[in-house]
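Beneath this line is the structure, given in structure tokens, with notes to follow.
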Amino acid sequence: MSGQSVAEQYVDLLARAGVRRMYGVVGDSLNPVVDAVRRHGSLEWVQVRHEEVAAFAAGAEAQLTGRLAACAGSCGPGNLHLVNGLFDAHRSMAPVLALAAQIPSGEIGTGYFQETHPDRLFQECSHYSELISSPRQMPRVVQTAIQHAVGRRGVSVVALPGDVAAEDSPAGGAELATPLDRPTVRPADAELARLTELVDAAGKVTVFCGRGVEGAHAEVMAFAEKVKAPVGHALRGKEHIQYDNPYDVGMSGLLGYGAAYEAMHECDLLLLLGTDFPYTDFLPRHVRTVQVDVQPERLGRRTQLDFAVWGDVRETLRCLTPAVREKPSRRFLDRMLHRHAHALEGAVGAYTRDVGRHTPIHPEYVASVLDEEAADDAVFTVDTGMCCVWAARYLTPNGRRRILGSFVHGSMANALPQAIGAQFLDRSRQVVSLSGDGGFSMLMGDFLTLVHHGLPVKVVVFNNSSLGMVDLEMMVDGLPPHGTGYPHTDFAAIATAAGAHGIRVEKPAQVREALREAFAHDGPALVDVVTDPNALAIPPKITTEQVTGFALSATRTVLTGGVGRMVDLARANLRNVPRP
């Protein structure tokens, strides 16, 4: 690798680590790196309108592939714009390497124009954040950054002054091996023996799954079958465990539905599998609880455990299932399946009743039709807020679809940027952004990125002229919503003016045809659906204080459960319940 500049060596190291594109906004301190990308051939520079979008896009790509993705920002304000998207990527365990360009190295510490200290600023949202102040630090600092991002599944940041990037890299520098595949983690024999004892001693077992069950669907099903356990999930576990699941009892949490809450509270033993579920009010306090996680720092930090197991879910269950005794009775499982189906049957009418005449349009109905019309392998990106509610309750996973959102960091405006990263990864795959009008307008400038690069992303805007989730939060506190409304905006007209295909929908009868038209369009399209701002949602279990808050504030509110085609799954599961 001799005869290279520092910038060229940086780009070459990224390419060797499997990076195929770098998202960012050009700037003078980035010039040597951008030019090195131009000349390299294996990497593509993806120009966006805002660096926050660059970080979100890289994070989405990394979540979909599990491989390293990259973004960059110029010195000072340029790389500061990366911070929110990097926080989201880091908390989503997405391996991302961010380049934070720096002011000229001789000026650091003098209060120079645009001076910041990115190696300090990004420490909270990264596993590794370091300044390259000399070419002699190459390539070891970059190799170390890559190893941290891939090995610990999160963000690494390299701060690089533009003048150092233009210097020659040292000849004969060490080239460290960079493992790109993660190993499996198996619990110790003593832990497995104790876990087997706990399962065998419990008459009623419930399984609750998070994102950590990715790749372990078959193992969870085999375990649930053997111990006759209902299987619930958190939002991040939904796409990985709900499909082809005859033990499904829905989701718990603020966006929950079905019988997951009851199954967790009425069992003798609760197994938390690969979940860092943050809402402790939804976790039982008087049920024996075991947690299995590959990240040991997560064990027991949400609820008191009777036993903690350090291991990944798939390997743990592969060892556990053959060892436990089969439960002879399905009584608890069947009771939870009946309760789940009943809950869904009662809730589904909320979006089917009078939808043909109701305007503004029920957002639940839009999400249900979208679920039916979208491709079987679609990637959905979901804005934080009410769009999360509709996605959680109406998008049906099948093992091929993916659902991305800012599910841990909870940022607004994530859906459009994440859709950009997902679509760059595969232009032939359908990518649908479920955007709220608040989130979409926050980073609306990067809708132009879709047009610029010809990305065929389909943006569905749930346009209720308000920050719907904030309305809900204020009502729960007994406050009248204030400062949450927006003036009427025709986003379809804006999309058309930008050079994309814009469709305005104001009547329920237009929804299905508008979505079909957008999906058939060969290029970026936006469907602007005027939805009911009074369509709100509450969790399946709420406190008396929260109900009081609603009574004080809400005079006309649609309180919905969920859930489109999931009702069909629940009915199918009931057909499998043995008859006496």
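In this chain, numbering begins with 1 at the start of the sequence shown. Values below: every heavy atom of this structure, side chains too, minus hydrogens, waters and symmetry copies.
V457 places none of its side-chain heavy atoms less than 4.5 Å from the side chain of T381. I241 places a side-chain heavy atom less than 4.5 Å from the side chain of M221. Two residues are said to be in side-chain contact when any heavy atoms from C-beta on lie closer than 4.5 Å; T359 and P508 meet this criterion. Looking at heavy atoms from C-beta onward, V459 lies in side-chain contact with L450 at the 4.5 angstrom threshold. Using a 4.5 Å cut-off on side-chain heavy atoms (C-beta onward), V48 and V25 make contact.
For OH of Y279, the number of neighbouring non-hydrogen atoms (other residues, nucleotides, ligands) closer than 6.0 Å is 12 at most. Remark: R67 CZ is loosely packed, at most 12 non-hydrogen atoms of other residues, nucleotides or ligands lying under 6.0 Å away.
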Practice task
With side-chain contact (heavy atoms from CB on, under 4.5 Å) as the test, would you mind laying out the steps for R236 and V408 before giving the verdict?
Solution key: CA-CA 9 Å; R236 297 182 78 203; V408 181; 3.3 Å; yes
Practice task
Show your reasoning for whether side-chain contact (heavy atoms from CB on, under 4.5 Å) applies to E52 and M442.
Solution key: CA-CA 11 Å; E52 181 178 348; M442 182 177 282; 5.6 Å; no
Exercise for the section: Begin with the C-alpha distance, continue with both residues' side-chain angles, and end with the deciding distance and a verdict on side-chain contact (heavy atoms from CB on, under 4.5 Å) for H240 and H233. Expected result: CA-CA 9 Å; H240 303 300; H233 58 268; over 6 Å; no
Practice task
Decide salt bridge (charged side-chain N to carboxylate O under 4.0 Å, His left out) for K458 and E373; before the verdict, give the C-alpha distance in whole Å, the side-chain angles of both, and the deciding distance to 0.1 Å.
Solution key: CA-CA 12 Å; K458 315 307 177 189; E373 295 294 333; over 6 Å; no
Handout entry: side-chain contact (heavy atoms from CB on, under 4.5 Å) between S441 and T489, intermediate numbers included
Key = CA-CA 10 Å; S441 59; T489 304; over 6 Å; no
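Contact check on E61 versus R20 returns no salt bridge, with no Lys/Arg side-chain nitrogen under 4.0 Å from an Asp/Glu carboxylate oxygen.
Side chain of D376 to main chain of N398: no donor-acceptor pair is present (N/O by atom type, distance under 3.5 Å, no hydrogens or angles). The backbone N or O of A55 lies less than 3.5 Å from no partner atom in the side chain of H81, so there is not a single donor-acceptor pair. Under the 3.5 Å distance criterion, the side-chain polar atoms of Q291 are left unmatched by any main-chain donor or acceptor of T303. In this structure a side-chain-to-backbone donor-acceptor pair under 3.5 Å is present from H217 to Y243. A donor-acceptor pair under 3.5 Å links the side-chain atoms of R429 to the main chain of D377, judged by distance alone. Here the side chain of H409 pairs no donor or acceptor atom with the backbone of S411 at under 3.5 angstrom. Using modelled atom types, no side-chain atom of R91 and backbone atom of G410 make a donor-acceptor pair closer than 3.5 Å. In terms of modelled atom types and a separation under 3.5 Å, the side chain of D446 and the main chain of R49 share a donor-acceptor contact. A side-chain donor-acceptor contact under 3.5 Å links H340 to the backbone of V249. For the pair N414 (side chain) and V382 (backbone), a donor-acceptor distance under 3.5 Å is present.
Relative orientation of the F491 and F440 rings is perpendicular, given thresholds of 30° and 60° on the angle between their planes. Between F277 and F282, the ring planes lie perpendicular to each other; the angle is over 60°, past the 30° to 60° tilted range.
Atom OG of S406 sits about 7.0 Å away from atom CG of N84, to the nearest 0.5 Å. Atom SG of C71 is separated from atom CD of E51 by 9.5 Å, given to the nearest 0.5 angstrom. Here CG of N463 is found 4.5 Å from CG of D437. Values are rounded to the nearest 0.5 Å. The CZ atom of R504 sits 10.5 Å away from atom CG of L526, with the distance rounded to the nearest 0.5 Å.
A89 approaches G59 most closely through the heavy-atom pair CB-CA, 4.1 Å. Here the closest non-hydrogen pair linking T206 and C267 is OG1-CB, 3.4 Å. Contact detail for I503 and A518: the closest heavy-atom pair is CD1-N, 3.9 Å. Between A60 and A422 the shortest heavy-atom distance is CB-N, 4.4 Å.
If you run side chain to side chain contact (heavy atoms under 4.5 Å, CB included) between P417 and each of T449, D88, V53, only V53 comes through. Considering R512, R401, R393 in turn, R401 is the only one that fulfils the salt bridge (Lys or Arg N to Asp or Glu O under 4.0 Å) rule with D371. For the side chain to side chain contact (heavy atoms under 4.5 Å, CB included) with C209, the lone residue among T275, V313, N245, V220 that qualifies is V220.
In this structure, R330 is not positioned above the aromatic face of F332 in the sense of NZ or CZ being under 6.0 Å from the six-membered ring centre and within 45° of the axis.
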